[in-house]
Amino acid sequence: MDRIPILKLGRALLVSIQVDIHDRLAKALEEDLSERIVATGARGVMIDISGLEIVDSFMGRMLDNIAAVSRLLDADTVVVGMRPAVAITLVELGLSLTGVKTALNVERGMTLIGSGQYEEIEGDDAPGGGDERDEG
Amino acid sequence: MPIRESDDVVRVRQAVRVQAVAAGLGLVDQTKIVTAASELARNTLDYGLGGTVRIETFTGNPRRGVRLTFEDNGPGIPDLERALTDGYTTGGGLGLGLSGARRLCNEFEIESVVGQGTRITIARWK
């Protein structure tokens, strides 16, 4: 896998990290996301890490960076689906991700990054969100 | 197993997970040793300029667990005490790799000779 897919859902971008990824892929995601935020005018970024068995300091820093860059580009970031064992380990590692909003699951994450996106979903029937520009 | 490129860090994580499960560690202990392994494998790659890791399980009485030995022939660490301090980094990272990995393990040993390399042994048991 060369790139992690970024889906557009209304005014939000959704990334689901399903497998253990190497560092270069994580860096690529950071760059791809910032470009997509600007290209789509997205107001929110949701990163689903329920597939990740660990988050180490590199991945933690990447999540922090994504949140910081998104904020500068006028988008909120929320990390959802962290496994309990991952949370325990992150805190013991010394990384509490204070700059990153978290939510327990995708549904609560969507609520957190704003409610405007739902009304646009109906008109957005391209599979996987596609590359459509957000006209709103 | 070798640690020569960033894909190897992923392979180390997966191999350690398999051994941690085989040793009968619970999910939180598995996650801790795999996370520590990830930090140290990346250090071996970035600071040690590549190296190896040996993964062993032990089932001795009364403890069962996993022991990992990371070795490199890199530049070594001149000031171990400082390298083990939270937030200290020479590489632009967060400075949590070494200190964090130590907190995640039951056993942590480090030997380093400047100009010769570094060996780190960690273990986690139930």
Side-chain angles (χ1 to χ4, degrees), chain A residues 1-4 15-32 47-69 77 79-100 102 104, chain B residues 3-21 25-47 66 83-89 91-106 108 122 124 126:
Chain A
M1 188 165 68
D2 294 318
R3 283 285 197 268
I4 299 170
V15 176
S16 185
I17 306 176
Q18 308 268 3
V19 291
D20 195 357
I21 61 175
H22 58 71
D23 294 356
R24 282 193 319 277
L25 194 55
K27 290 302 286 182
L29 174 64
E30 198 179 322
E31 288 169 23
D32 289 351
I47 304 173
D48 171 26
I49 60 165
S50 59
L52 283 185
E53 292 184 336
I54 69 148
V55 173
D56 62 9
S57 67
F58 185 90
M59 180 64 77
R61 183 166 60 139
M62 188 207 69
L63 294 173
D64 240 343
N65 284 355
I66 287 175
V69 170
T77 301
V79 170
V80 306
M82 186 182 294
R83 299 182 182 193
V86 170
I88 292 168
T89 302
L90 263 181
V91 170
E92 200 157 324
L93 188 63
L95 207 62
S96 41
L97 297 184
T98 43
V100 183
T102 54
L104 220 47
Chain B
I3 303 169
R4 300 251 166 261
E5 50 173 26
S6 104
D7 284 344
D8 289 335
V9 177
V10 176
R11 288 186 199 107
V12 169
R13 288 201 286 258
Q14 289 164 351
V16 171
R17 169 77 63 178
V18 168
Q19 294 301 316
V21 171
L25 293 185
L27 187 56
V28 172
D29 285 336
Q30 287 172 31
T31 306
K32 286 180 178 177
I33 186 81
V34 173
T35 305
S38 185
E39 300 292 345
L40 297 180
R42 186 178 294 103
N43 281 358
T44 299
L45 187 64
D46 292 347
Y47 299 102
V66 188
L84 283 164
T85 307
D86 269 354
Y88 177 77
T89 178
L94 293 173
L96 288 174
L98 216 47
S99 53
R102 178 156 74 164
R103 275 195 295 274
L104 293 174
C105 297
N106 299 114
F108 183 96
I122 61 171
R124 178 98 209 165
K126 61 185 294 189

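Chain naming here is simple, since letters A, B, ... match the order of the sequence lines and numbering starts at 1 in each.
Between chain A and the options B/Asp7, B/Leu27, B/Val9, heavy-atom pairs under 4.5 Å are most frequent for B/Asp7.
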request  = Please lay out, stage by stage, how B/Thr31 and A/Glu53 fare under the test side-chain hydrogen bond (donor to acceptor under 3.5 Å, both in side chains).
outcome  = CA-CA 7 Å; B/Thr31 306; A/Glu53 292 184 336; over 6 Å; no
request  = Applying side-chain contact (heavy atoms from CB on, under 4.5 Å), run through A/Ile88 and B/Lys32 and close with a yes or a no.
outcome  = CA-CA 9 Å; A/Ile88 292 168; B/Lys32 286 180 178 177; 4.1 Å; yes
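For the residue pair A/Val55 and B/Thr35, the shortest heavy atom distance occurs at O-CG2, 3.9 Å. Residues B/Ser6 and A/Arg24 approach most closely at OG-NH1, 3.3 Å, considering heavy atoms. A pairwise comparison of heavy atoms in B/Leu96 and A/Ser57 identifies CB-CB, 4.4 Å as the closest pair.
In this structure, CD1 in B/Ile33 is found 11.5 Å from CD1 in A/Ile54, a value given to the nearest 0.5 Å. For the atom pair CG of A/Asp20 and CZ of B/Arg17, the computed distance is 9.0 Å after rounding to the nearest 0.5 Å. Summarising the geometry, atom CZ belonging to B/Arg13 is positioned 10.0 Å from atom NE2 belonging to A/His22; distances are rounded to the nearest 0.5 Å.
For B/Val10, the parts sitting under 4.5 Å from any heavy atom of chain A are the backbone and the side chain alike. For B/Ala101, the part lying near chain A is the backbone, with the side chain staying farther off; criterion is any non-hydrogen pair under 4.5 Å. Using a 4.5 Å cut-off between heavy atoms, B/Arg102 does not touch chain A at all.
No side-chain heavy atom of B/Arg103 sits less than 4.5 Å from a side-chain heavy atom of A/Leu93.
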